[in-house]
Amino acid sequence: MAVALSLFSAKSLTTAATVSPFPDNPKTLILEQCKTIKDLNQIHAHVIKTGYLFNPRVAENLLESSAILLPGSMDYALSIFRVIDEPNPAAYNILIRGFTSKQFPENALMLFRQMREDGVLPDKYTFPCILKACSRLRALEEGEQIHAQIAKFGLGSYGFVQNTLIHMYANCGEVEVARRVFDGMLEKEIITWNAMFAGYTKSGHWEEVVNLFDIMLKSDVEFDEVTLISVLTACGRLGDLELGEWIHEYIEAKNLKGSLNLITSLVDMYAKCGRVDTARKLFDEMPRRDVVAWSAMISGYSQSNQCKQALSLFHEMQRQNVAPNEVTMVSVLSSCAVLGALEMGKWVHSFIKRKRMKLTVTLGTALMDFYAKCGSVEYSIEVFEKMPSKNVLTWTVLIQGLASNGQGRRALEVFSVMQEKEIQPNDVTFIGVLSACSHGGLVEEGRSFFISMSRDFGIEPRIEHYGCMVDILGRAGLIEEAYQFIKNMPIEPNAIVWRTLLASCKVHKNVEIGEKSFHQLVTLGPAHSGDYILMSNVYASVGRWEDALNVRGQMKEKGIKKTPGCSLIELDGMIHEFFAEDSAHPHSKEIYSAIEGIMSRIKLAGYVPNTAEARLDAEEDEKESSVSHHSEKLAIAFGLIRTSPGTTIRISKNLRVCTDCHSATKLISKVFNREIVVRDHNRFHHFREGICSCNDYW
DNA sequence: GTAGGGTTAG
């Protein structure tokens, strides 16, 4: 400021008539040295006093410094604008640009309207800015009107205007119109192509990105790193590893590895194509990593179901003092949800609050989903109520969260509130609604929603919806109806549908339909160990031990191994992974060796673990004790591991928890006086003092 | 003076 202000010193002012205080390049003197509104105020006061404000160049410079360079100074810019007698297009352009760049696109549009009313002619600089404002607002109608005016003013062939038109149409969801503008252009610059790529990228037309890139290559047009970033993003979404690797080779050959953004796209592409290790290698080799690079790698792990790695990379990011943003936290929370890491996720929540991060729709929804998946549905609701904006995913997560936590009725109430608010449900919402019905035993409601979804909402049921319907009928004991329902399905039933029915047959002891379902599963192949176990258990449920053993024999003959159970347990904020028969975990030895001793305590409490399934397991494999179930072992284990009183033990299992395990959990909660939460296929069972609080009617 | 790019939830 020293230089600029010295221009207004008494000495300078006396010579103002001969030496202009605004020499050839006044911009460098005023604009670049105004760092705060206060600086601007001082200059403003001077120019008013000295009458320089009536010099259009002076006014424009002041306007530019306040509207473009300084943050949060649009009011100030407006006050300068208002005293300009007859503002020229340039003055309007500066303000329009200011409003657009400072996230007030509505004001930019209003000012543009005023400009037209005042009879000021927009020029080639006006339109790119005002189109950008339309883009931001997704104001298609306004954009179309402006397009018409562009044609009227004869600026339709101007490159800058056309490029922004492409961007505007694509951003407003009209990619096809954008493409028509693109195709109509005789001279396309790299930016033109990139605008089209960006349009396809924003609207998720990944296929088109790759197709257009193909055309670009064939027509020998040059491309740059911005082009490659868009194409790599598309490769990741499409799983097009071949093209992605080709671009990687090109980057190596042309030595473009210096671009941080480009390497981040490569990391993202490899992670999304399932090559997480390659992604990590590139990530580790980066000379510098910003928050986006870290987020891309963390989400890479999270999306490839390597959630422990995602969290450990997040910890590494913290150690390296890189500040995470909202996007990072979404992937971190989603990993916590998968792992059932309640304590870690709670910490993330407080971190978000402490850092005053914006509760965006995505972040809020991820937070809600995390709480719901960890069995804390009340916290999930609390977040929902605090969210400033919500979308269909937010409502869907709430419905699913309530449904999976045993509050089917409440989930349906939320669904009706959602309709009152005129939020259009989608196919996934209906999966939540139908699972609420299956969970709550609401058969009639389920039937009526199933009909309504296509009739009233135009959503054709997918295989998942049919699966839910089979679950609703099957769980309610309407096995025959469920079977007929499958037979009459207009789409081919898959293994999940038959497995659902088979599971119902076990609960309701229906051997006949159980056998039919099992037969379908074997025919559909490849056989799943769980299917054999289920069928065997159907026989066992009615005391047909020979048949039960026979099925297990078939499984052995075909060489189908039981998938080892894997459980993730969070204890005092640490995630432990336990595999069945695993001796690698530090706690395993102590756990398994102590099982015998614990058994006697359990027996004293009146529990007989030798149910049908355990007995079969024991007969099948001598090594296995009567406490043969993984969850059971874990439950016992956690009776052993010393935790502070009141610690919640959370067991999330990848496999369905059998009723036997449930009884073990119930018992442990009683014997060891612990609250135990079992997550079983996204259903929750909260056990306290031997009582399960959820309304599951298994 | 104006235009294009990398990470996110069910």
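The chains referred to below are lettered A, B, ... by the order of the sequence lines, with proteins before strands, and numbering in each begins at 1.
- A stacked arrangement is assigned to A/F160 and the six-membered base ring of B/dT2, with a centre-to-centre distance below 5.5 Å and an interplanar angle below 30°.
- Using a 4.0 Å cut-off between a side-chain N of Lys or Arg and a carboxylate O of Asp or Glu, A/E326 and A/K358 do not qualify as a salt bridge.
- Residue-level contact check: A/D369 touches the backbone only, with heavy atoms under 4.0 Å from sugar-phosphate atoms and none from bases.
- Taking atom CG of residue A/L228 and atom P of nucleotide B/dG5, one finds them 15 Å apart after rounding to whole Å.
- Side-chain N/O atoms of A/K272 include none lying less than 4.0 angstrom from OP1 or OP2 on B/dT7.
- With B/dG10, B/dG6, B/dG5 as the candidates, the nucleotide lying closest to the side chain of A/D290 is B/dG6.
- B/dG4 atom C1' lies 11 Å from atom CD of A/E189, rounded to whole Å.
- In the set B/dG1, B/dA9, B/dG4, the nucleotide with an atom closest to the side chain of A/K132 is B/dG4.
- Comparing atom distances between the A/A90 side chain and each of B/dG5, B/dA3, B/dG1 picks out B/dG1 as nearest.
- Within the 4.0 Å cut-off from OP1 or OP2 of B/dT8, at least one side-chain nitrogen or oxygen of A/Q303 is found.
- In this entry the distance linking CD1 of A/I130 with P of B/dA3 reads 12 Å, nearest Å.
- Ring geometry for A/F415 against A/F457 counts as tilted: the plane angle lies between 30° and 60°, on a 0 to 90° scale.
- Within 4.0 Å of A/T365, counting heavy atoms only, lies at least one base atom of the nucleic acid.
- At least one test fails for A/K124 against the ring of A/F160: distance under 6.0 Å to the centre or angle within 45° of the axis.
- In this structure, A/L260 places its CG atom 17 Å from P of B/dG5, rounding to the nearest Å.
- Within the nucleic acid shown, A/F223 has no heavy atom closer than 4.0 Å to any nucleic acid atom.
- Looking only at distances, a side-chain donor or acceptor of A/T429 sits under 3.5 Å from a matching main-chain atom of A/N426.
- Closest to the side chain of A/N261, out of B/dG6, B/dA9, B/dT8, is B/dG6.
- At the heavy-atom level, A/T396 lies under 4.0 Å from base atoms of the strands shown.
- Looking at heavy-atom distances under 4.0 Å, A/Q162 makes no contact with the nucleic acid at all.
- Residue-level contact check: A/V428 touches the bases, meaning some heavy atom is under 4.0 Å from a base atom.
- What you find for A/Y270 and A/E245 is that their closest heavy atoms are OH-CG, 3.5 Å.
- Counting any heavy atom pair closer than 4.0 Å across all strands shown, A/K390 reaches no nucleic acid atom.
- Considering only the side chain of A/R97, B/dT2 comes nearest among B/dT2, B/dG4, B/dG10.
- In this model, the phosphate group of B/dT7 is approached by a side-chain N or O of A/R237 to a distance below 4.0 Å at OP1 or OP2.
- Phosphate proximity of B/dA3 to A/H167: absent, as no side-chain N or O sits under 4.0 Å from OP1 or OP2.
- Taking the six-membered ring for Trp and thresholds of 30 and 60 degrees, A/F283 and A/W294 have ring planes more than 60 degrees apart, a perpendicular arrangement.
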